[in-house]
> 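After the structure tokens below, expect a handful of questions from me.
All values below were derived from every heavy atom in this structure, side-chain atoms included, with hydrogens, water molecules and symmetry-related copies excluded.
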There are 2 protein chains.
Amino acid sequence: MASVTIYDVAAKAGVSIKTVSRVMNKEPNVRPAMRDRVLEAAGELGYSPNLSARSLAGSRSFVVAVFVDAALTIDHWQSERGADYLSRIQLGATLVCREAGYHLLIELIDNDGPKVRQDVAAFLAALKPDGVILTPPSSDNPGVLETLDKAGTPYVRVGPERAEGLGPRVHMDDVAAAREMTQHLADLGHKRIGFIVGEPRYGASQARREGYLEAMKARGLAVADGWVRQGDFTFQSGLEQAKALLALPDRPTAIFASNDDMALGCIAAIAEAGLMTPGDVSVAGFDDSPSARFSRPQLTTVRQPVAEMSSAAAKLLIAQSRSSDPPERPVDMLLPFELIHRASTAPPPK
Amino acid sequence: MASVTIYDVAAKAGVSIKTVSRVMNKEPNVRPAMRDRVLEAAGELGYSPNLSARSLAGSRSFVVAVFVDAALTIDHWQSERGADYLSRIQLGATLVCREAGYHLLIELIDNDGPKVRQDVAAFLAALKPDGVILTPPSSDNPGVLETLDKAGTPYVRVGPERAEGLGPRVHMDDVAAAREMTQHLADLGHKRIGFIVGEPRYGASQARREGYLEAMKARGLAVADGWVRQGDFTFQSGLEQAKALLALPDRPTAIFASNDDMALGCIAAIAEAGLMTPGDVSVAGFDDSPSARFSRPQLTTVRQPVAEMSSAAAKLLIAQSRSSDPPERPVDMLLPFELIHRASTAPPPK
DNA sequence: CTGAAAGCGCTTACAG
DNA sequence: CTGAAAGCGCTTACAG
């Protein structure tokens with residue numbers, strides 16, 4: 001019960017606590033013999049430095065925080081929708097933290113609340129995390145960013161929409177991904193390709209639409225009235241918008257939905273209309289969510305490097321906290337996406 | 001940058017730091033006028049007590065940890081399967097923590113590793129969390145439980161398999177849930193009901209099989225050879241075992257899969273065999289995962305109170321950390337499941 | 001109801 | 001290469 005402290009280890013090893021501290025922190029200037037003696041004593045005693053004491057006395061807390069939007073989280077809970085994006089964010093970050101002896105803290109943020117700045121400032125003052133990983137929409141929240149800057153807490157923005165000059169970011173190219181997926185459909189021979197836009201509050205929604213429009217233009221394909229439809233990232237919206245697309249006089253032979261949930265809705269709508277995917281209508285999604293492989297046919301989609309982005313963010317923050325160097329050149333990591341070709345896309349019917 | 005400390009607030013309010021401390025901790029014995037003065041000073045200064053200092057000097061850390069299995073986590077990542085269970089665990093706990101001013105830490109545990117005890121002991125010594133939420137299989141890991149007991153750290157086991165006498169637990173009745181689902185199928189008129197068992201390492205797998213067998217027996221329904229098949233909770237295993245069931249001479253008219261992923265595999269297998277769900281074969285799942293509503297037909301399944309279990313666990317731990325009372329009578333909370341009737345189950349074909 | 005003193009377990013300068 | 005002193009920002013007894 002009574003914890004083992006640095007004094008116990010120092011006494012057992014017959015050295016000063018400062019030497020124990022040096023060994024535990026892998027600082028130089030300790031003779032190998034001393035080091036071994038300390039390590040042995042620490043091992044026998046089962047000593048593990050108290051993080052609070054380290055944090056209070058020193059400049060590091062060994063804690064990395066992830067800011068997650070509170071409203072989105074509650075929404076996911078209530079709607080029983082998946083939280084796949086956040087799971088992946090956490091997986092990537094947790095693994096990196098663990099390897100480095102850091103700990104990951106999940107912090108819920110009211111991005112739209114009137115007290116975001118206060119909340120964030122209070123959190124930073126209380127916890128003094130060595131770094132913060134910002135997930136959307138915190139990644140673009142000026143109040144959050146400024147508060148972090150003011151506190152001098154390093155952070156990395158994951159998948160932000162607004163460009164540079166706003167602090168380090170790790171992201172992927174949504175425009176290019178949507179462009180390539182549209183090209184894939186065009187390459188299969190589709191000329192009439194419909195598109196379902198995602199929830200407008202997410203910057204990614206606009207980026208994906210842009211990529212679609214660019215590719216259509218580049219291939220000289222017309223975008224007829226009613227082919228670009230507004231969804232909201234839910235299965236239901238995909239179902240409805242696909243129905244609308246199928247009801248069009250000159251209906252598309254392919255539908256590109258901005259995320260997998262909507263794409264699954266499209267497949268359901270196509271089946272309900274008595275048509276086949278991909279025989280009559282091809283469907284492409286975006287995300288590579290778990291359900292993309294459980295659908296029949298399996299979904300052609302875009303794999304986002306979500307876990308990789310958060311791993312990269314965690315690594316950056318940990319490296320920075322270790323070196324305490326000035327944040328060198330501005331970080332701007334672009335991670336590659338991947339087109340996953342599965343069974344939901346095929347050439348259009350003859 | 002330079003943090004606001006308790007001394008700044010005390011100076012500004014013209015009181016001692018002890019009084020500030022009393023106000024911040026809502027301790028009694030402070031005159032309302034004093035309290036107001038302190039609160040005002042704290043507000044103007046934007047003061048937020050340093051958690052490390054609080055933890056070091058006091059007996060609370062305001063941190064609740066969730067133990068998550070490392071291997072499972074890595075597995076989920078690599079297989080790109082969902083981590084729905086863990087998401088729900090976290091959602092429930094995070095919300096409660098935030099409301100109470102606590103912080104949630106995710107800690108990866110090597111449940112099968114040779115150093116679990118050491119790892120856990122080191123974590124507890126370093127972080128001194130006020131409580132730990134154990135998710136399966138940590139909930140049943142003797143090494144983990146004993147280490148927590150030895151350190152005197154309060155914990156709650158979520159969904160453990162082994163019964164009482166092993167510390168507080170919050171769980172649901174898997175046997176009853178499987179029994180009721182089987183009864184539901186029998187009530188629809190099914191007499192030939194197949195069952196797909198889950199990954200054997202999970203205690204829930206056995207419990208669900210037991211519930212199925214109990215209900216079959218109670219209804220006087222025979223369980224023919226080959227009707228109980230071993231799966232592993234993956235879509236693929238559900239697909240394969242359903243194929244095997246459908247190939248049986250006297251094939252079942254209903255299949256009850258131990259989780260939704262396998263149930264979705266069943267639906268796929270039924271379609272591949274040229275049959276209809278539920279027209280020819282009914283399918284029931286277990287979990288109410290997000291994809292249960294994206295499938296066609298939508299899945300009849302069991303909703304587990306996962307978020308509710310972790311909320312309850314977090315509440316218990318926070319209450320205990322606040323009162324520092326002896327852990328009263330042993331906690332054993334049984335939370336209700338819910339049968340979700342959707343479209344994948346119907347009477348058997350005439 | 002209020003406060004002065006001691007101490008939590010470390011790291012940070014600073015000496016030698 | 002090693003160590004003695006001071007201090008991080010709080011809470012815990014203990015006085016009054």
> Salt bridge or not between B:R88 and B:D84? Use side-chain N to carboxylate O under 4.0 Å.
yes
> Kindly determine whether B:L127 and A:H103 satisfy side-chain contact (heavy atoms from CB on, under 4.5 Å), including the steps that lead there.
CA-CA 9 Å; B:L127 272 294; A:H103 300 274; 3.4 Å; yes
> Could you tell me whether B:D36 and B:R31 have a side-chain N and a carboxylate O separated by less than 4.0 Å?
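No.
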> For A:S59, answer base if it contacts any base atom (sugar-phosphate contacts may also be present), sugar-phosphate if it contacts only those atoms, and nothing otherwise; contact means non-hydrogen atoms under 4.0 Å.
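Sugar-phosphate contact only - A:S59 comes under 4.0 Å of backbone atoms but never of a base.
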> Between A:S52 and B:S55, do the side chains contain an N or O donor and an N or O acceptor separated by less than 3.5 Å?
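The criterion, which ignores hydrogens and geometry beyond distance, is satisfied for B:S55 and A:S52.
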> Keeping the roles fixed (side chain from B:T147, backbone from B:A121), state whether a donor-acceptor pair exists under 3.5 Å.
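No, B:T147 side chain to B:A121 backbone: no donor-acceptor pair under 3.5 Å.
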> Just call it for A:S55: base, sugar-phosphate, or nothing, with non-hydrogen atoms closer than 4.0 Å on any strand.
nothing
> I want to check something: taking the side chain as every heavy atom from C-beta on, are A:T73 and B:T94 in contact at a cut-off of under 4.5 Å?
no
> By nearest nucleotide on DNA chain C, pick out whichever of A:R60 and B:A57 is the more 5' one.
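Nearer the 5' end of the strand: B:A57.
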> Tell me, please, the opening and closing nucleotides of DNA chain C, 5' to 3', among those with an atom under 4.0 angstrom from a non-hydrogen atom of chain B.
C:dC1 to C:dG9
> Classify the side-chain pair B:S321/B:Y102 by whether it contains a donor and acceptor separated by less than 3.5 Å.
yes
> How does DNA chain D read in dot-bracket, base by base from 5' to 3', with Watson-Crick or G-U pairs under 3.5 Å and | used when the partner is on another strand?
|||.||||||||.|||
> DNA chain C: B:Y7 or A:N50, which has the more 5' nearest nucleotide?
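Mapping each residue to its closest nucleotide by heavy atoms, the 5'-most match is B:Y7.
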> Does the side chain of A:I133 come within less than 4.5 Å of A:F67's, by heavy atoms?
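Of all side-chain heavy-atom pairs linking A:I133 with A:F67, none is under 4.5 Å.
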> For DNA chain D, determine which residues of residues 14-40 of chain B have any heavy atom closer than 4.0 angstrom to one of its atoms, and list them numerically.
B:I17, B:K18, B:S21, B:N25
> Just by distance, no angles: are the side chains of B:S3 and A:K128 close enough, under 3.5 Å, to form a donor-acceptor pair?
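There is such a pair between these side chains.
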> Could you tell me the separation between the CZ atom of A:R169 and the CD atom of A:E161, rounded to the nearest 0.5 Å?
9.0 Å
